[in-house]
Each structure stands twice: as C-alpha cells, then as structure tokens.
Amino acid sequence: MTYSFAVVPRYVEIDQQGVVFNGHYLTWFDEAFTGFLDHVGLPYPKLIASGVDVMVVHSELDYGGSVRWRDDARVEVTCERRGTTSFTLGFTVYRSADEVAVVGRNVYVVVMRDPETGDWSKAPGIPDELAAVLG
C-alpha cells in the first residue's frame, strides 16, 4: 500500500540556497508516517494509548533534486520491510507530479511502555494491529 501526503514548503523551511533545508525532510517523513497511520485507521494517539510506540533507529536520505518554496510537493510512504520487532518505511518526495526530489527511509523499532514505571523498552514483537496495517 502506498500513501501520499501533500506538503507545501513553508518559507521557514527554505535555506540560503533557496531550497528546502535537508533536515526538514525528516520532519516531513514523520508527518507522512502519522498521516499514513490515520489513513489506515490506526491513529498515532490510539497507538500510544495502547502502550505502544515506535522509535526511529536509522534514517537515510538521497537527493536527486531540490524542492523550493511553494512547490506542490508530496511524500509517498510505503512499507519496505517488516521484521519481528522493527519495520522500514520508504519515503519518496516528489517536487511535482512525477519529479522525484528525495528518496529516503526510516527504520523503526517498536517499543512498549511499562505500566508500572512508565519506561519504554523494546517490544517482543510488532503488535497485530500495527503489523496488519504495515502489510
């Protein structure tokens, strides 16, 4: 399943070179992941309320072009891999309808909150509800 998240680069996200500053792409990935969860019927607040969360343990970005202020951009999200306790989401940032600007991925590890201490630790596996939406 591919989910598409619309982005209109804000002036504050533009650097001295007139393009989106590289660190903002990771923010866009995070927002697209949250939108993906909403889209598949597992809103992030519901995930957290169940005592489950995810932590990014690896990110990578490859640049193929620039996104500029007010471009009609979007971020497509796909699940590239699902393991026992982690999963990888792929992100493709389009500058226009078909022009790829950035390709990246995040590896997430599933964590669970201890109800007594409130501490987070690695989960023994991906909960069924999350696994189902990841495919």
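Just so you know, these numbers use all the heavy atoms, side chains as well, and skip hydrogens, waters and symmetry mates. These numbers come from a predicted model, not from an experiment.
- No continuous path of hydrophobic side-chain contacts links V56 to W120 [ILVMFWY only; heavy atoms under 4.5 Å].
- Taking the six-membered ring for Trp, F33 and Y108 have ring centres closer than 6.0 Å.
- Put simply, CG on L42 and CD on E129 are 4.5 Å apart, with the number rounded to the nearest 0.5 Å.
- Hydrophobic clustering (ILVMFWY, side-chain heavy atoms < 4.5 Å, transitive): M112 and V133 are in one cluster.
- R10 places none of its side-chain heavy atoms less than 4.5 Å from the side chain of R70.
- Side chains of V20 and D71 form no contact here, defined as non-hydrogen atoms less than 4.5 Å apart.
- Residues I126 and T85 are not in side-chain contact: their nearest non-hydrogen atoms beyond the backbone lie 4.5 Å or more apart.
- In summary, of the residues considered (F29, W28, Y3, F36), a ring pair (Phe, Tyr, Trp, His ring centres under 6.0 Å) with F91 occurs for F29 alone.
- Between D15 and N22, the closest side-chain pair of non-hydrogen atoms is not below 4.5 Å.
- A single hydrophobic cluster is seen to contain both V40 and F87, as judged by linkage of ILVMFWY side chains at heavy-atom distances under 4.5 Å, directly or through other members.
- Atom CZ of residue R105 and atom CG of residue D62 lie 7.0 Å apart, to the nearest 0.5 angstrom.
- Using modelled atom types, one side-chain atom of D114 and one backbone atom of E116 make a donor-acceptor pair closer than 3.5 Å.
- Of the possible polar contacts, none joining the R95 side chain to the D72 backbone as a donor-acceptor pair under 3.5 Å is found.
- Panel note: side chain R82, backbone A131; a donor-acceptor pair is recorded below 3.5 Å.
- The shortest distance between side-chain heavy atoms of L130 and V110 falls below 4.5 Å.
- Follow the hydrophobic side-chain contacts under 4.5 Å out from L61 and you reach V77 in the same cluster.
- Closest approach of G18 to I14, counting heavy atoms only: C-CG2, 3.4 Å.
- Proximity of a side-chain donor or acceptor of T117 to a complementary backbone N or O of D119 within less than 3.5 Å is detected.
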request  = Test side-chain contact (heavy atoms from CB on, under 4.5 Å) on V67 and V93 and set out the steps.
outcome  = CA-CA 9 Å; V67 177; V93 178; 4.1 Å; yes

request  = Let me see the working for S86 and K122 under side-chain contact (heavy atoms from CB on, under 4.5 Å), right down to the final yes or no.
outcome  = CA-CA 9 Å; S86 67; K122 187 175 178 180; over 6 Å; no

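- Of the N and O atoms on the side chains of T92 and R74, not one donor lies less than 3.5 Å from an acceptor on the other residue.
- Side-chain contact of Y44 with D53: a donor-acceptor pair under 3.5 Å is present, judged by distance alone.
- With rounding to the nearest 0.5 angstrom, the CG atom of L89 is 6.5 Å from the CG atom of L134.
- What you find for E76 and S4 is that their closest heavy atoms are CG-OG, 4.1 Å.
- The side chain to side chain contact (heavy atoms under 4.5 Å, CB included) with H58 is formed by just one residue from the set N106, V107, V109; it is V107.
- Contact of the L37 side chain with the P43 side chain is not registered, since no non-hydrogen atoms from C-beta on lie closer than 4.5 Å.
- For the atom pair NE2 of H24 and CD of E31, the computed distance is 11.0 Å after rounding to the nearest 0.5 Å.
- Residues I48 and R113 form a side-chain contact, since some pair of their non-hydrogen atoms from C-beta on lies under 4.5 Å apart.
- No more than 12 heavy atoms of other residues, nucleotides or ligands lie within 6.0 Å of CD in Q17, so this atom counts as exposed by the packing criterion.
- Side-chain N/O atoms of W69 and E13 include no donor and acceptor closer than 3.5 Å.
- There is no path of hydrophobic side-chain contacts, each under 4.5 Å, that joins V19 to V102.
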